[in-house]
Structure formats: C-alpha cells, structure tokens
Amino acid sequence: MATTTTPATDLHRAYIAAINTNETDTILALLSDDVVYQVPGEAELIGKAAVAEWASAFFAGYEAQWDKTEHALEVSGDLAVSRYTYTAKFRAREDGAEMGEVGKGTCVYRRNAAGEWLLMIDSWSTHEP
C-alpha cells in the first residue's frame with residue numbers, strides 16, 4: 001500500500017493551516033521527533049515534547065492567527081528549505097487584549113523513510129528589537 005504524502009510544494013500551506021488551528025496535536029502531527037523551534041527571545045526547543053509543552057502553554061493563553069508568505073522553496077533530495085515572512089495577531093484569552101507581530105523565518109523539512117515530509121526546524125525572528 002502506498003503512503004499518501006504532502007508534496008514539497010504544499011508543505012508551507014499545510015504547516016500554516018495546522019498552526020492556525022491553535023491545536024497542539026494538529027501541529028505535532030507535522031513535526032519530526034527531533035524538531036527544533038527557534039523562538040524569538042527563548043532558548044531552543046528541541047524535540048516534540050518540548051514543542052508540545054511550549055505550544056500548549058501558548059495556546060492556553062492566546063488565540064493566534066498567522067499569515068505567512070513563502071518567498072522561496074528549495075528542495076534537494078530528502079530536505080526542503082522554505083523562507084517566509086509573517087504577520088501574526090494574538091488575542092489574550094484572559095482579558096481579550098490584542099497584539100501583533102511581524103517577522104521572518106526559515107523552515108527546514110525532511111522526508112522520512114515512509115516518504116512523509118515533516119518539519120525539522122522552524123526558526124523565526126521578529127522585526128522588533
């Protein structure tokens with residue numbers, strides 16, 4: 001039986017759709033076990049457990065929506081690199097306060113033995129100092 005996988009050209013779209021669900025488990029399904037998140041102003045988050053803890057806490061506190069525009073995608077064998085810019089809107093669940101963020105980032109995807117593309121690294125930074 002063949003495995004159905006997301007084509008490399010759709011990785012960015014699939015990842016954005018997952019993070020905009022604000023559901024940690026939906027996001028984790030697209031991540032490699034050794035995933036690395038490089039979050040602005042924080043230490044690296046290494047592995048699914050670390051990302052799950054961070055994302056669960058974030059989504060408990062905020063409802064978020066990201067608009068990420070992919071500017072480049074380069075695929076070489078079992079690796080794909082995507083460069084993007086983003087705007088994000090966050091609404092605090094406690095008091096409804098709204099804030100935003102603008103920035104840029106890079107995602108690295110790796111195709112596993114089953115042919116599935118999974119996010120290996122998401123590294124982003126804001127335009128704010």
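S125 approaches P40 most closely through the heavy-atom pair CA-CG, 3.9 Å. Between L31 and Y15 the shortest heavy-atom distance is CD2-CE1, 4.4 Å. In this structure, A8 and V75 approach most closely via the heavy-atom pair CB-CG2, 3.7 Å.
Formation of a donor-acceptor pair under 3.5 Å by the T21 side chain with backbone atoms of A18 is found in this model. Under a 3.5 Å cut-off, the side chain of H12 and the backbone N or O of K68 do form a donor-acceptor pair. Within the 3.5 Å criterion, the main-chain N or O of T87 finds no donor-acceptor partner in the side chain of D67. Proximity of a side-chain donor or acceptor of T126 to a complementary backbone N or O of V102 within less than 3.5 Å is not detected. R93 places a side-chain N or O within 3.5 Å of a backbone atom of Y62 that can act as its donor or acceptor partner.
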Given the rule in the side chain to side chain contact (heavy atoms under 4.5 Å, CB included) test, do E101 and E128 qualify, once you have shown the distances and angles that lead to the verdict? CA-CA 8 Å; E101 183 176 290; E128 289 92 33; 4.0 Å; yes
Please walk me through it: do Y37 and E42 pass side chain to side chain contact (heavy atoms under 4.5 Å, CB included)? CA-CA 10 Å; Y37 267 28; E42 298 187 32; over 6 Å; no
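The side-chain heavy atoms of C107 and L119, taken from C-beta on, include a pair separated by under 4.5 Å.
In this structure, M120 is not a member of the same hydrophobic cluster as V39, with clusters built from ILVMFWY side-chain heavy atoms closer than 4.5 Å. No single ILVMFWY cluster, assembled from side-chain heavy atoms under 4.5 Å apart, contains both Y84 and L118. In the hydrophobic cluster analysis, where Ile, Leu, Val, Met, Phe, Trp and Tyr join through side-chain heavy atoms closer than 4.5 angstrom, I27 is grouped apart from V36. No single ILVMFWY cluster, assembled from side-chain heavy atoms under 4.5 Å apart, contains both I121 and W117. Note on V81 and W124: separate hydrophobic clusters, where clusters join Ile, Leu, Val, Met, Phe, Trp and Tyr whose side-chain heavy atoms are under 4.5 Å apart, directly or indirectly.
In this structure, the separation between CD on Q38 and CD on E44 is 4.5 Å, given to the nearest 0.5 Å. Residue T9 holds its OG1 atom at 7.5 Å from CG of L11, rounded to the nearest 0.5 Å. K89 contributes atom NZ, which lies 8.5 Å from atom CD of Q65 (distance to the nearest 0.5 angstrom). Rounded to the nearest 0.5 angstrom, T26 OG1 and N20 CG are separated by 11.5 Å. For the atom pair OH of Y86 and NZ of K104, the computed distance is 7.5 Å after rounding to the nearest 0.5 Å.
When the shell of 6.0 Å around CD of E74 is examined, it contains 12 or fewer heavy atoms from other residues, nucleotides or ligands. Around the CZ atom of F59, the shell of radius 6.0 Å holds more than 12 heavy atoms that belong to other residues, nucleotides or ligands.
Here the options are D78, D34, D33, the test is salt bridge (Lys or Arg N to Asp or Glu O under 4.0 Å), and the partner is R110; only D34 passes. When each of L45, I46, T24, D122 is paired with V51, the side-chain contact (heavy atoms from CB on, under 4.5 Å) condition holds for L45 and for no other.
With no hydrogens or angles considered, a side-chain donor-acceptor pair links E70 and S82 at under 3.5 Å.
Ring planes of F58 and W66: tilted class, angle from 30 to 60°.
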